[in-house]
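By convention here, the first residue in the shown sequence is residue 1.
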Amino acid sequence: MIRSASLLAGLLAVSAIAIPHQAEAKGCIKGAIVGGLAGKAVGHGKAGAAAGCAVGHHNANKKASQAQGQ
């Protein structure tokens with residue numbers, strides 16, 4: 001089961017990099033992968049992916065607003 005989760009996370013990461021256009025939900029995919037793997041370690045993979053997506057999206061927005069302010 002862990003092998004399939006790792007494979008899925010790897011495929012998502014590769015597909016996110018291979019997509020030529022920018023995604024609408026910046027930071028979500030990266031955060032979901034990290035959060036999903038961390039959540040999987042404690043038995044809550046889906047909740048970890050959802051929380052990771054939210055945190056990743058928040059951090060991307062914060063970074064973008066800081067870049068605009070400079």
CG-SG distance between Asn59 and Cys28, expressed to the nearest 0.5 angstrom: 12.0 Å
Point-to-point distance, once rounded to the nearest 0.5 Å, from CD of Gln68 to NZ of Lys63: 13.5 Å
Inter-residue atom distance Lys62.NZ - Gln66.CD, 0.5 Å rounding: 6.5 Å
Shared hydrophobic cluster for Val55 and Ile29 (ILVMFWY, side-chain gaps under 4.5 Å): no
